[in-house]
Amino acid sequence: MSGERVASVVVDVAAEATDKPFDYLVPPELEEEVAIGSRVKVPFGPRKLVGYVVGFPAERDLRHLKPILDVMDLTPPLTPELVKLARWMARVYLCPWITALQAMVPAVLKGKYRRVLRLGPGFVSEGFIAGAEETLVRALQKKGELSLKEALELEGVSRSLVRRMAEKGHLVVEERVGDRTTRKRQTWISPAQPAAVLREAAGKLPKNALRQREMLHFFIEHREDILQPALLSRLGATKSTVDRLVDKGLLHREERETYRDPFAGRSFEKTEPLSLTPAQESVFQKIVAPLREGRHRTVLLHGVTGSGKTEIYLQAITETLNQGRQAIVLVPEISLTPQMVKRFKGRFGGRVAVLHSGLSHGERYDEWRKIRTGEVQVAIGARSAVFAPFPDLGLLVIDEEHENSYKQEEQPRYHAREVARRRCAEHGAVLVMGTATPSVESYYRARVGGYDWAQLTERVHNRPFPPVEVVDLREELRSGNRSIFSRSLKEQLQACVDRGDQAVLFLNRRGFSTFVLCRECGESVECPHCDISLTYHRTNQTLRCHYCGYTRQVPRECPSCGSSHIRYFGTGTQRVEEELARTMPGLRVIRMDVDTTRRKGAHERLLTAFGKGKADVLLGTQMIAKGLDFPGVTLVGVIAADTMLHLPDFRAAERTFQLLTQVSGRAGRHDKPGRVVIQTYSPEHYSIRMAAEQKAESFYREECRLRKRLRYPPFCRLFTLLFSHPDRVKLMQAGSRAARFLAPRLPEGGELLGPVSAPIPRIKDRYRIQIIIKYNNLTDEPTGFVETLRGLKAGLKDPELRLGIDRDGVSLSAGGDG
DNA sequence: AGCACGCCGACT
DNA sequence: GTCGGCGTGCTC
């Protein structure tokens, strides 16, 4: 018994108490298969669970250990590097280790557990059953088997009844742990020796070994792998022939799993590398230099829209592949268009796996497996592709690095940018982050030297930037224009439509008016469950809460003073749509906001319709700002640029700048020149001014100066703890208790602010307060303080109390509402 | 998380 | 005495 190995396994139970490895014996028959990253079936108390092998500890006393029951995959789904990465994620993002591990594998590998009941072989109708027992037996006789869950839903059936019946042998309880889809396994045969050796062996075979000789000759002629059934039918041989040659070491037999190819039958036109402009060439060198040395670097590629970033990515990938290493390309989900796929498939053909949300579970799994088995060397996909299980990652590209979709908002919460950096550091790989509007953090790091900095300031073919006009809405008001549209925007819109071109109008508020106000007492109509004004929706004459969904009719009288002088303020997409219809009749408008895109597929349908010229104007919120690329669009209008400038968020200016810059880039991308009109009440604000003047450098400088002065990231680390509770008094007590707990445990130079009321003090009848913690250590991973927060979280006893934690704008756990 | 165990009151 | 409800503690 002495030579036996022990494996540490993290089991599939996402709970505090089980968030650690458990040790199991590796039975001799599984010895070969168990590796770090293996998915295994293990006994856990009275249950059987799936888990991942995370290590092989030296254990002296083996007697109390239970054995691993089974290994579930031919190839371990995870590499040791990913197992380690998951542990890091668990610490940094405050989630159970198993949750991070599960995030790295395709959905089909997430185990499914079922306890199934059947009538036992010993069951004989003894005549004396009644009540719940009878109900259960009848159901089992009818259906053959029931899951435990189904059984417990039957009238009167309880766990103890099931247990008693099982003890008497009337029932059999079977545990099933399985995958969601089945994999097709096929047996492949390949030659194990060079042709000369096979020829020699064929000569030495006894005369009557006819089939073996034929088979060897087949492989002398065809030096390739072949499916076993195909081989056998071709030669009229049987499996025993193969067995004998495999035993002699002449052939190799291998189990392989088959793929569903989502791009089967489609061929991609081969594209050749374009020659790089001198500016592109210089950026390319900055990427390739560390790549050739196998040195980890992060390169921030600040390149204006249309400056040819993709071609640089493609050539850097080619270089990576030439070195025998692999590459990952992350793109925001919406930019993973067929054109994008075509471009990569065209250059790299069968060496690319594409992971996007449109794939079925099975297809996604197959793409993933090509990565895992080394069949492809390039993976392109959205956020989760950052976990592509390559063994020797050389290059990782994050396109549009400032995009919010790189943040995962469900457990495990993570930021793909941070995960990517970690992976690249581990592999000695180059991380390239490309964007026209870097996040302030990345910009700062590139400037002070943490990252390498590369810039592309010119558009390919020297396409001009569209002229941007900033309209001062205060001025408009003074000159008597009370409409939503400034005279200039209206003129431009008219001219654009007259030319037969298309326009995009952008507004980040849905609904009709933002709030309803009583002119007598000045009170606005608020949600009874949240401390926020209700939004007026014209279509069904209702007021709606955008936080909890509460809906009510518009009151005739003010709820607080009874006056009938009620007015609508602010502007929403519905209102703009209506005013467009009034001022420019006959205009065809497509409105895109949460209300019109709620149904599945509506998003794509509306965009396609607009792309086909079915409307003159695309009017929408946030969601239309990105990824839009319509040749017919020559006018982009921003209805109110400052709506998000006054949000209580230190990134408000950055977001405004990024949005305006991105939106402006959407005008006149093709052969037609474009125009941009930005309407605002604060034309002097630096984020608006510098976006309009396309002075990115000046904006980032100013923003860094302010952040430094006010002590915000990237000049400190910022934690926001948001507590919520239905009872205000209990919430206050919990808040002060938390502050008392944290105060003596702050990192050096740490500063604790609060507890104070949250920006929205109540959502869905839960009161909200927050504590803000700032500290300076930016070089270390924030694991130390997260550990303190874990302690705080574990110490919360009241189940009604929820705690949401946010670090530098990445939320680690939700605690605000629903 | 699940599940067993153990204690306690309600009931045939 | 037996059944079921619920709090506690453990899973290699």
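Naming: A, B, ... by sequence-line order, numbering from 1 per chain. All heavy atoms count here, side chains included; hydrogens, waters and symmetry mates do not.
A salt bridge is absent between A/Arg745 and A/Glu787: the closest approach of a Lys/Arg side-chain nitrogen to an acidic carboxylate oxygen does not fall below 4.0 angstrom. Under 4.0 Å is where a charged nitrogen must lie from a carboxylate oxygen, and between A/Arg423 and A/Glu81 at least one such pair does.
Take A/Asp531 and apply the side chain to side chain donor-acceptor pair (under 3.5 Å) test, not counting sequence neighbours, and it matches A/Arg762. Under the side chain to side chain donor-acceptor pair (under 3.5 Å) criterion, A/Tyr406 pairs with no residue at all, not counting sequence neighbours. A search for side chain to side chain donor-acceptor pair (under 3.5 Å) contacts involving A/Arg372 returns nothing, not counting sequence neighbours. Partners of A/Gln326 according to the side chain to side chain donor-acceptor pair (under 3.5 Å) rule, which considers only residues two or more places apart in sequence or in another chain, do not exist here. For A/Tyr550, the ring pair (Phe, Tyr, Trp, His ring centres under 6.0 Å) partners at least two apart in sequence or on another chain are A/His529. Qualifying salt bridge (charged side-chain N to carboxylate O under 4.0 Å, His left out) partners for A/Asp808, counting only residues two or more places apart in sequence or in other chains: A/Arg717. Scored by the salt bridge (charged side-chain N to carboxylate O under 4.0 Å, His left out) test, A/Lys84 finds A/Glu426 as partners (sequence neighbours excluded).
Within the structure, ring pair (Phe, Tyr, Trp, His ring centres under 6.0 Å) contacts touching residues 9-45 of chain A (residues at least two apart or in different chains) are A/Phe22-A/Phe44.
Across the protein-nucleic acid pair, A/Ile68 atom CD1 and C/dC12 atom C1' stand 11 Å apart, rounded to whole Å. Put simply, CG on A/Leu69 is 11 Å from P on C/dC12, counting in whole angstrom units. When rounded to the nearest whole Å, the span between CD1 of A/Ile98 and P of C/dT11 equals 19 Å. Atom CG in A/Asp23 sits roughly 13 Å away from atom C1' in C/dT11 (whole-Å rounding). Between A/Arg47 atom CZ and C/dT11 atom P the separation is 13 Å, expressed in whole Å.
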Listed pairs under 3.5 Å, donor-acceptor, residues 382-392 of chain A side chains, sequence neighbours left out:
residue: A/Arg383; atom: NE; partner: A/Gln408; partner atom: OE1; Å: 3.3
residue: A/Arg383; atom: NH1; partner: A/Ser405; partner atom: O; Å: 2.9
residue: A/Arg383; atom: NH1; partner: A/Lys407; partner atom: O; Å: 3.0
residue: A/Ser384; atom: OG; partner: A/Arg364; partner atom: NH2; Å: 2.9
residue: A/Asp392; atom: OD1; partner: A/Arg325; partner atom: NE; Å: 3.3

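Looking at heavy-atom distances under 4.0 Å, A/Pro21 makes no contact with the nucleic acid at all. Base contact: A/Phe44 has a heavy atom under 4.0 Å from a base atom.
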With 3.5 Å as the limit, what N/O pairs link the protein to nucleotides 7-10 of chain C?
none

What does the list of N/O pairs under 3.5 Å between the protein and nucleotides 2-5 of chain C look like, with a distance for each?
residue: C/dG4; atom: OP2; partner: A/Ser160; partner atom: OG; Å: 3.3

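If you walk DNA chain B from 5' to 3' and mark each nucleotide with an atom closer than 4.0 Å to a heavy atom of chain A, the marks span B/dA1 to B/dA4.
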